[in-house]
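What follows is one structure encoded as structure tokens, with my remarks underneath.
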Number of protein chains: 2
Amino acid sequence: MGHSRTDVVAAALRVLDEQGLEFCSMRRVAAALDVQPSALYHHVPDKQTLLALMADEMVSSVRGSGPAELCRDLRRAMLAVRDGADVVATASAYRLGASAVEARLAELLRERFDDMTPWEAVESARTLLHFVFGHTQSTQMLLQAQEFAALAAGRPADAAADPPGASRADLEASFDRGVAVILAGLAARLEVVSASG
Amino acid sequence: MGHSRTDVVAAALRVLDEQGLEFCSMRRVAAALDVQPSALYHHVPDKQTLLALMADEMVSSVRGSGPAELCRDLRRAMLAVRDGADVVATASAYRLGASAVEARLAELLRERFDDMTPWEAVESARTLLHFVFGHTQSTQMLLQAQEFAALAAGRPADAAADPPGASRADLEASFDRGVAVILAGLAARLEVVSASG
DNA sequence: ACCTGAACACCGTTCAAGT
DNA sequence: ACCTGAACACCGTTCAAGT
């Protein structure tokens, strides 16, 4: 009875997680569905759109009760899939503002800083997201490099004692500090604005 | 007498600026030098390395007397070449820490915040750079979309009256605010640390 | 040292044709 | 509606061979 768009996105995410972005080609996604490459174009107009749908799927579970929680949740969702941070960051850059996560984050920022204008909240959300994407891409690349090195050295993939300051826990702490710095900066700036206004 | 590595990088930057990253293939760079594609591999081991060399060349002029000035200067350098922000951001993500700009920014941050440890300075530099790359990529993509729309509408490419809040000046002001927020956050956090320590 | 020519193993996308 | 088969116009990279 044939496949649906949902099947295509799911298969693409499987290929991405198993083989990485470099090898996540239309042809391999088609092969994963036991279908000719051209069949994909019945469900999706082009590869860029497929990648955007994959990004939406990856972040669909991201909620968050506050700005910092949402950032952590987004990070977790991206790290859950191989090269997920690259896919989400790129897709997010392409449709500036059309993102549900950005809107949700802006909303949470207005709850936290109740004198923020809607536009200030959106701009602040984007500032936070630039950091979240950048830091998470770095994290993911570093973790993959460590896995690769561990495998090449014949060690089990989860062996400890990697470069100092680059353990999973260190990277998470660094991420949290970055988010805290930006939130502190937003708080400080709003005080300046309201003091001088 | 043949070409040098410098020639290859220069030709690649010309192709990038004229045709965009999508069309900046090894084959087109070779054509720009009137040479077979395989000849490039005498000067450069692979495309990834060539892109990194192009990124280095683009940011080679970036100095800056303070953190904010360096960020603006880096932004300017990336915007000067078509898709420059993508190339520099990607190359920079690949060699975490091996960047001269990152080291210079960390140095400037230690001058500004003289109680920062070297590692805090590096981490703070990276936080700033995540924002600088992300915001500049967004800016460049938006400006290119505007140029495209203007061309498609038959208007001269520099016509005014584009979407509100997205003029060159608005984007620059937004960028400066983001940098200021992060610097304010760093200042605020350091106060907390020294007050509690 | 620097380059050519030819090949290899891929890409994304289109499109007529089938069921 | 969903898919096949075949093609088109590309990729990055390797390698023997030339000068």
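We use all heavy atoms of the structure for the numbers below, so side chains are in, but hydrogens, waters and symmetry mates are not. Below, chains carry the letters A, B, ... as their sequence lines are ordered, and counting in each starts from 1.
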Taking C:dA9 as the reference, what is the distance to D:dC10 when you measure between their P atoms (whole Å, please)?
22 Å
Can you give each donor-acceptor pair under 3.5 Å made by side-chain atoms of residues 5-28 of chain A, sequence neighbours left out, with the distance rounded to 0.1 Å?
from    : atom 1 : to      : atom 2 : distance (Å)
A:Arg5  : NE     : A:His43 : O      : 3.0
A:Arg5  : NH2    : A:His43 : O      : 3.3
A:Asp7  : OD2    : A:Ser4  : N      : 2.9
A:Asp7  : OD2    : A:Ser4  : OG     : 3.3
A:Asp17 : OD1    : A:Arg82 : N      : 2.8
A:Ser25 : OG     : A:Arg28 : N      : 3.2

Note: chain A reaches DNA chain C at heavy-atom distances under 4.0 Å over the stretch, first to last nt, 5' to 3', of C:dC11 to C:dC15
salt_bridge(B:Asp73, B:Arg104) N-O dist < 4.0 Å:
no
Would you say the side chain of A:Val87 lies within less than 4.5 Å of the side chain of A:Val81, judging by non-hydrogen atoms?
no
Ordered by number, residues from residues 36-46 of chain B within less than 4.0 Å of DNA chain C (heavy atoms) are B:Gln36, B:Ser38, B:Ala39, B:His42, B:His43
Quick one: are B:Thr136 and B:Leu74 in side-chain contact, heavy atoms under 4.5 Å?
no
For the residue pair A:Gln140 / A:Asp83, report whether a side-chain donor-acceptor contact shorter than 3.5 Å exists.
no
A:Arg76 to A:Ser61 - nearest heavy-atom pair and separation
NH2-OG, 4.0 Å
Please report the C-alpha distance between A:Glu120 and A:Arg110 in whole Å, then the side-chain angles of each, then the deciding distance to 0.1 Å, and finally whether the salt bridge (charged side-chain N to carboxylate O under 4.0 Å, His left out) criterion is met.
CA-CA 9 Å; A:Glu120 278 170 352; A:Arg110 287 201 79 192; over 6 Å; no
Is the closest side-chain heavy-atom distance between B:His130 and A:Ser138 below 4.5 Å?
yes
Is there a continuous path of hydrophobic side-chain contacts, each under 4.5 Å between heavy atoms, that joins B:Val181 to A:Phe113?
yes
Is the CZ atom of A:Arg177 crowded by more than 12 outside heavy atoms at less than 6.0 Å?
yes
Let me check I have this right: for DNA chain C, each base becomes ., (, ), [, ] or |, based on Watson-Crick or G-U pairs with both distances under 3.5 Å. What is the full string?
||.|||||...|||||.||
In residues 22-34 of chain A, what residues come within less than 4.0 Å of DNA chain C, judged by heavy atoms?
A:Ser25, A:Met26, A:Arg27, A:Arg28
In a table with atom names and distances, give each donor-acceptor pair under 3.5 Å that connects a side chain of residues 62-71 of chain A to protein atoms at least two apart or in another chain.
from    : atom 1 : to      : atom 2 : distance (Å)
A:Arg63 : NH1    : A:Ser60 : O      : 3.1
A:Glu69 : OE1    : A:Gly66 : N      : 3.3

Going by heavy atoms in the side chains, are B:Leu40 and B:Leu33 under 4.5 Å from each other?
yes
